[in-house]
Amino acid sequence: MSITANDPTRKTWLEVPENSDFPIQNIPFGVFLTRDDIITIGTRIGDTAIDLGALHQLGYFEGIPLTDDIFLQDTLNDFISDGKKTWRLVRNRIAEIFDASNDKLRDHEEHRKVVLFGLDEIEMQMPVQVGDYTDFYSSKEHATNVGTMFRDPENALLPNWLHIPVGYHGRSSSIVPSGIPIHRPQGQTKPKDADEPVFGPSKRIDFELEMAFITTDANHLGEPIPIDEAEDYIFGLVLFNDWSARDIQTWEYVPLGPFLAKNFASSVSPWIVTLDALDPFRVESPKPEKKLLPYLQTSGKKSFDIDLEVFIQPENGEETRVSKSNFKYMYWNMSQQLAHHTVNGCPVLSGDMMGSGTISGPTPDSYGSMLELSWKGEKPVKLKDGSTRTFIDDNDTVIMRGHCQKENYRIGFGEVSTKLLPVFEKKK
Ligand code: MN
């Protein structure tokens, strides 16, 4: 089935601001609360949020096999479970409904009133209930930088790195959507030159610039996903800020890997941009430097050209861009990650979230964490207001944005914006 929703020449009868991340060619999926306090699944064109539950009730998805309540839910998990064919049919139909030449909804004021919302009338929620969250470590530049800083510049990459998409199982309970503030965590650290560990607020709170992909039910226990089929089970992507406490991490991570340094919060952009919408932006992955085992070999364009930016905004101050990177720098692509994740028969479910790992580019201005940008705190990063940061201060807001650009249109993710509050204090 062709992806007619991607037609670059299509225009819509809705107003779309110039350079919007959400032209009619995007059609992402999200979950929002409406002005009447009703939760629904929706999409977005320009700055208009569209209630898919209402559209479905009014019969606009006639002919597509969907259960009556598929969009009247507080997560996308069931819709994602319906599979790629259904996602395509629904995106194609939405493109038709909002096509400039289609007057059915355009000229029906009653229907428009219940279907369309301004962004100020809605509140975005988590798009999926994340059952399991896995985080990879797939940027060679990031792994090299971290290995150089903490181990041995001569052997920055550990021996397995060029053979395996390294990853760990994270925690899904602390994944929150853009706009939800988080607290600086406390924990156990061991200051340099101290004999014993101490307890207190982390002094090295960091962001990690990542993207995450969301899967559908893909395989049964015991059944691997072949690498050539992996993309069929990827619904779409979000921006992902994998908050990290570097001082807690340094002390706790041996030998089982990250724990409390990572599971206090991760923030996601609320609109899932489908893999279908990103199809025109495919690029080749970096060439493997070692011959890969057959189950990890891919051919064709399996990476995506997505420009990524990170900004820090001090309280009441203006934003400073501190990093500019690109998703295409990832050494391991999503197909390789999913094939590797399931090669032992581990089942993947609808709504599972897979973080890419910090996406660092080749140049120092493209590093995806403060750890690297400030080189473990040795080179402070200057902000527009003259202040400097080595890590993130209380009441700073960290904002990540991402988009793909072609001459005639762009497909974007909007943003994930999160304020770091001081350590939590129980109200008296
Ligand atoms: Mn991470």
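Throughout, numbering of the chain's residues begins at 1 and tracks the sequence. In listed order, ligands and their atoms are each counted from 1.
The distance between the ring centers of H142 and Y137 falls below 6.0 angstrom. Remark: aromatic rings of H341 and H169 are close, center separation under 6.0 Å. A centroid separation of 6.0 Å or more is found between the aromatic rings of F259 and Y253.
No more than 12 heavy atoms of other residues, nucleotides or ligands sit less than 6.0 Å from atom NZ of K301.
A distance of 12.5 Å separates SG in C346 from CD in E223, rounded to the nearest 0.5 Å.
Ordered by chain and number, D135 OD2, E208 OE1, E210 OE2, D242 OD2 make up the set of protein N, O or S atoms under 2.8 Å of the Mn ion (ligand 1).
Judged by the 6.0 Å distance and 45° axis criteria, R401 is positioned over the aromatic ring of F311.
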